[in-house]
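Working notes, beginning with the structure itself.
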Amino acid sequence: MATEPGIETPEDIPQAPHGASGGVSRRAILRGGAALGAAALGGAALGIGNQATQALKPRVEVPHVHGAGGSGPVRDIQPGGFDPTAFATRFDAGIVSRLPDGRTLRQYHFVAVDREIEVAPGVWFPAWTYNGSVPGPTIRCAEGDRVRVRFQNAGSHPHTIHFHGFHPADMDGVFEVVDPGQTFVYEFDAEPFGLHLYHCHTTPLKRHIHKGLYGAFIVDPPGGRPPAREYVMVMNGFDTDFDAENEFYAVNTVAFHYMRHPLRAVVGEKVRLYVVNALEFDLINSLHIHGNFFDLYRTGTRLEPDEFTDTVMFCQGERHILELEFRHPGKFMFHAHQSEFAELGWMGVFDVR
Ligand code: CU
Ligand code: CU
């Protein structure tokens, strides 16, 4: 597809406040958090987040007020910021129309914009985003749909969108670099069904991905999957002092968010998790769910589970669909089984009723 000159910048992308995080290594953060020790995984974890943010000289003071039950931190990121709770259940079907051959066409408009995002209370990260958020929108379609993504680069660096999945070479988002002010149209048939991802593929690659240019790309099988309560989890991290190490880890960007705002589940009801690993700098990530086991569908490309387990490892770019049913009510943690990642933000809770 040919590139064309710059298009209007959408007004619906709010300006983020400016602010920079001070320099401190994650080792220092870990030393600061070590006092909490094993208690962290029990629920006082947010204390570590607080210490971390204080060490980073936050723009906003973080008060030490623990929520009822001791499982909650202290406060949220500023209102109006990225909401991981809403993100987890937001699936973007695109603008849907019918092609002459009867197939479904799904059209998307992605705009790359530079934007500061709050990744923990008071900690800001100068992100590069698709449509103003990290991760970008979760694209959802069915196998065989035609997908058309009009990509406008309103950022300050050259970018692309590289989709995982079958597509022609010139739709691969690698060699057709889209410079600031330019637009490119990606178009392909969605296949194979499964859980995929998209991300920028401009060099230096790890920096372009780490800055926030990634998202989940779900292709449903013909006829869909059985009904379930579905959540998207994009595992990520943030190098807030630019030393090529992550200072904060999360699922869906905001450290400890799901400790403060547990994901709901119901005893006996099927829960389906679309889990994508977009973490940079660390080669391996993982997910462990307490008090339960899950069916693991590797890359989601088969309808029969590959494993029945309670912990799964992810390399960079790896993703899996998990299905489980809670047997017991109560609060069950989920977190990276790398304790370091968990204590730096990658932990959350299912609240099972
Ligand atoms: Cu890029
Ligand atoms: Cu990739």
Side-chain angles (χ1 to χ4, degrees), residues 1 3 6-7 9 13 108-117 125-141 147 149-186 188 190-219 232-239 242 244 246 253 274-285 298-301 313-321:
M1 289 282 147
T3 53
I7 312 290
T9 303
I13 298 171
Y108 297 86
H109 185 196
F110 274 35
V111 184
V113 283
D114 299 356
R115 187 181 178 190
E116 293 212 0
I117 60 170
F125 178 77
W128 299 340
T129 74
Y130 292 123
N131 290 3
S133 81
V134 178
T138 297
I139 292 181
R140 187 158 194 176
C141 56
V147 175
V149 181
R150 186 161 166 275
F151 174 51
Q152 173 193 347
N153 187 354
S156 56
H157 294 257
H159 298 302
T160 65
I161 310 177
H162 164 71
F163 291 88
H164 285 232
F166 291 112
H167 49 242
D170 62 355
M171 292 292 117
D172 198 39
V174 173
F175 302 112
E176 290 78 14
V177 171
V178 184
D179 286 320
Q182 291 196 314
T183 293
F184 189 94
V185 179
Y186 300 94
F188 49 84
E191 54 180 341
F193 74 78
L195 173 57
H196 310 308
L197 71 159
Y198 61 83
H199 55 84
C200 182
H201 212 297
T202 307
T203 54
L205 190 53
K206 67 183 175 188
R207 184 53 70 184
H208 278 250
I209 294 174
H210 174 77
K211 285 283 253 177
L213 293 167
Y214 49 78
F217 171 34
I218 298 170
V219 181
V232 175
M233 294 186 175
V234 179
M235 304 188 290
N236 51 3
F238 296 94
D239 170 16
F242 314 109
N246 293 300
T253 298
Y274 295 92
V275 187
V276 176
N277 182 26
L279 187 66
E280 281 296 323
F281 304 126
D282 294 283
L283 300 183
I284 299 293
N285 205 337
R298 292 193 167 273
T299 322
T301 47
M313 197 164 70
F314 297 73
C315 193
Q316 292 174 336
E318 201 167 6
R319 62 279 180 194
H320 305 302
I321 296 174

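Start at 1 and go down the list; that is how both ligands and their atoms are numbered. Small disclaimer: the values here were computed from a predicted structure and weren't measured.
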Exercise. From the Cu ion (ligand 1) out to just under 2.8 Å, does an N/O/S atom of H157 turn up?
Worked result: no
Problem set entry | Where at least one partner belongs to residues 125-140, residue pairs that pass salt bridge (Lys or Arg N to Asp or Glu O under 4.0 Å), sequence neighbours excluded | R140-D220, R140-E230
Problem set entry | Ring geometry between F163 and Y198 (parallel below 30°, tilted from 30 to 60°, perpendicular above 60°) | tilted
Exercise. Rounded to 10°, how big is the angle at the Cu ion (ligand 1) from C200 SG to H159 ND1?
Worked result: 130°
Seminar exercise, completed: By salt bridge (charged side-chain N to carboxylate O under 4.0 Å, His left out), D114 pairs with (sequence neighbours left out) none
For this session: Taking the Cu ion (ligand 2) as the centre, count the protein N/O/S atoms lying under 2.8 Å from it.
Result: 2
For this session: Name whichever N, O or S atom of H208 ends up nearest to the Cu ion (ligand 1).
Result: ND1
For this session: For the pair D239 and K211, find out whether any cationic side-chain nitrogen is under 4.0 Å from an anionic carboxylate oxygen.
Result: no
For this session: Check salt bridge (charged side-chain N to carboxylate O under 4.0 Å, His left out) between E280 and all other residues, then give those that pass, not counting sequence neighbours.
Result: none
Problem set entry | Near-ring test H199/H164, centroid separation under 6.0 angstrom | yes
Problem set entry | Side-chain donor/acceptor of N236 to backbone N/O of T253, under 3.5 Å | yes
